[in-house]
Amino acid sequence: MKYSVPKGTKDILPEEIYRWQKAEQVFAEVCGQYGFREIRIPTFEHTELFMRGVGDTTDVVQKEMYTFEDKGGRSISLRPEGTAGVVRSFIEHGMTSLPSPVRVYYNITAFRYENVQKGRFREFHQFGLEAFGAKGPAVDAEVISILTLFFARMGLTQTHLCINSIGCPVCRTEYNRILREYYQPGLAGMCHDCKGRYEKNPLRMLDCKEPHCHTLAADAPKLLDHLCPDCREHFEGLTANLDDLGIPYTIDPGIVRGLDYYTRTVFEFVSDHVGTQGTICGGGRYDGLVEMMGGQSVPGIGFAMGVERFLMEVEAQGVAIERTPDVHLYIAAMSTEAAVFARKLAFSLRKAGVGCETDLMGRSFNAQLKYAGKTGVPYLMVLGDDEIASQKSRIKNMKDGVQTEIDLSNQSGIIATILNSKLHD
RNA sequence: GUGGAAUUAGCUCAGUUGGUUAGAGCGCUAGUUUGUGGCACUAGAGGUCGUGGGUUCGAUCCCCAUAUUCCACCCCA
């Protein structure tokens, strides 16, 4: 094989595209119902934007970005996620002066240079959204409810919501101090990574998988128990709002989002069908991000959903996604004259909005029927010299074999026959 | 970045203890079948056995390297 896709990328083929289109359509529809509008941002940005916005200590920025210098000497990176670009756009276009909250959703590809495995690719797709300007927990719950509604509308039943609060800079500084105090006596026995984390980001020690560190983490003081009064009130507000909406959740003090900008609310939707990459969707609040990126002090919250992981989950839960046929009618022709007539009729029906096909392979009449059967087209019309002479033919419902007489000179009658008999499917 | 497994037709997979011309099922094209498809039967097309080296009289098979895929670690969507 001479050419194949680059590692970690893949083609999405016509035979599976309907699942993607369905998800895109439902996501857009649900977001729209909440007052979110679509935004489209560039695939690449200045590298600096991601170093600032995502955080230059994160793995994503440190070792996973596709970074290159363009011909003008600029350092450019393919986006590893969507939030940084959206925040840039929000600031750049003065969206603080729009009526608040400013709410946008997006459907993007993102790029991370990682080793490939189940549910993890180098180019992948995210549905995401951001809501700017609302400070209270109501918006947190509303954003989460978008996801539960989306999942429900897609027919997913088993996704599980986990929430946590990672506090604000104030309580986190205090909590880091408490954590270091807790870990200090046992530090010598911990793994190499955790020794580094102890200095830089003790929060990360909590989800270390090393058996010894894991045991220690189990009894570590919880950030949730050390939130400052404001953060505590916000978190209680969130759980109250979720309860009001009847959205079930688990409080998981172990959720520590890997991107630097999160504050207070963080959440995930997880599944156990996607291998170890069980996180279908992750998000949270980022109250300091807009200001840090050079805008005004505007709070924000958002999430990103891995579309590949989501679709794997759809598959694993055995959810059927219906496909509506684009082509309604196949016109089979028995002679050259009939074929000419068939092509003209097909063009005319398409102009009227009815999808149809006719032979392009020079096939025998019988082969045309076989083809029609294989493509699953719902209706068939046969044209021979007799039909053209009499201007009468029949439309056959391929499912039940029932044929309906039609008049070839009466196009609206043909269309009506197709549409009416559709009701009987 | 680290470790394990795999790679033979479009797809799913056999196979050769190293030996002429590498197989099956499905799919594809056509025929049986100018007057109604899915079934059946028949025929055909389709492979540098992932790629590059090495050992050998001879390699799809053994050895080395490399790429890709899958799984796991790390981290994330």
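Computed over heavy atoms, backbone and side chain alike; hydrogens, waters and symmetry mates excluded. What you see is a predicted model; the values in this text were computed from it and never measured. Letters go in sequence order (proteins before strands), and every chain restarts at 1.
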Checklist entry - Base, sugar-phosphate, or nothing for A:Gly8, non-hydrogen atoms under 4.0 angstrom? => result sugar-phosphate
Checklist entry - For A:Phe235, is the NZ or CZ atom of A:Arg264 found under 6.0 angstrom from the centre of its six-membered ring and inside 45 degrees of the ring axis? => result no
Checklist entry - Looking at A:Gln117, does any N or O in its side chain come under 4.0 Å of the phosphate oxygens OP1/OP2 on B:rA72? => result yes
Checklist entry - Which part of the nucleic acid does A:Lys370 contact within heavy-atom distance under 4.0 Å: base, sugar-phosphate only, or nothing? => result base
Next on the checklist: Need one value for A:Gln368: base, sugar-phosphate or nothing, where a base atom within 4.0 Å counts as base even if backbone is also close, heavy atoms only.
Outcome noted: nothing
Item to check | No-H, no-angle donor-acceptor pair, A:Glu268 side chain to B:rA77 base, under 3.5 Å | outcome: no
Checklist entry - Taking atom P in both B:rU12 and B:rC62, what distance in whole Å separates the two? => result 22 Å
Item to check | C1' spacing across the pair B:rA30 / B:rG18, given as an integer number of angstrom | outcome: 40 Å
Checklist entry - Can you find a donor-acceptor N/O pair under 3.5 angstrom joining the side chain of A:Lys10 to the base of B:rU68? => result no
Next on the checklist: With a 4.0 Å limit, can you tell me whether A:Ser364 has a side-chain N or O closer than that to the phosphate oxygens OP1/OP2 of B:rA30?
Outcome noted: no
Next on the checklist: Under 3.5 Å, is there any donor-acceptor pair linking the side chain of A:Arg120 to the base of B:rC71?
Outcome noted: no
Checklist entry - A:Ala372 near the nucleic acid: base, sugar-phosphate alone, or nothing, with a heavy-atom cut-off under 4.0 Å? => result nothing
Next on the checklist: Looking at B:rA77 and A:Phe124: do their rings stack (centroid distance under 5.5 Å, interplanar angle under 30°)?
Outcome noted: yes
Checklist entry - What does B:rC41 pair with, Watson-Crick or G-U, if both distances are under 3.5 Å? => result B:rG31
Next on the checklist: So that I know where these two stand, are A:Phe269 and A:Phe310 an aromatic pair - ring centroids less than 6.0 Å apart?
Outcome noted: no
Checklist entry - B:rA77 C1' sits how many Å from A:Phe150 CZ, rounded? => result 13 Å
Item to check | Paired nucleotide for B:rA59 [Watson-Crick or G-U wobble; both distances under 3.5 Å] | outcome: none
Checklist entry - Is A:Arg363 near enough to B:rA30 that one of its side-chain N or O atoms lies under 4.0 angstrom from OP1 or OP2? => result yes
Item to check | Nucleotide nearest A:Phe365 when distance is taken to its side chain, options B:rA77, B:rC71, B:rU34 | outcome: B:rU34
Next on the checklist: Does A:Lys10 form a salt bridge (Lys or Arg N to Asp or Glu O under 4.0 Å) with A:Glu308? I'd like the steps, not just the answer.
Outcome noted: CA-CA 11 Å; A:Lys10 64 154 85 174; A:Glu308 286 83 357; over 6 Å; no
Checklist entry - So, is A:Lys374 near the phosphate of B:rU29, with a side-chain N or O under 4.0 Å from OP1 or OP2? => result yes
Checklist outcome for this item: As its Watson-Crick or G-U partner within any shown strand, both distances under 3.5 Å, B:rG50 has B:rU66
Checklist entry - Using a cut-off of 4.0 Å on non-hydrogen atoms, how would the nucleic acid contact of A:Phe121 be classed: base, sugar-phosphate, or nothing? => result base
Checklist entry - B:rC73 pairs with which nucleotide, Watson-Crick or G-U wobble, both distances below 3.5 Å? => result B:rG1
Checklist entry - Under the 3.5 Å rule, do the base of B:rG37 and the side chain of A:Lys396 count as making a donor-acceptor pair? => result yes
Item to check | Identified pairing partner of B:rC26, criterion: Watson-Crick or G-U wobble below 3.5 Å | outcome: B:rG10
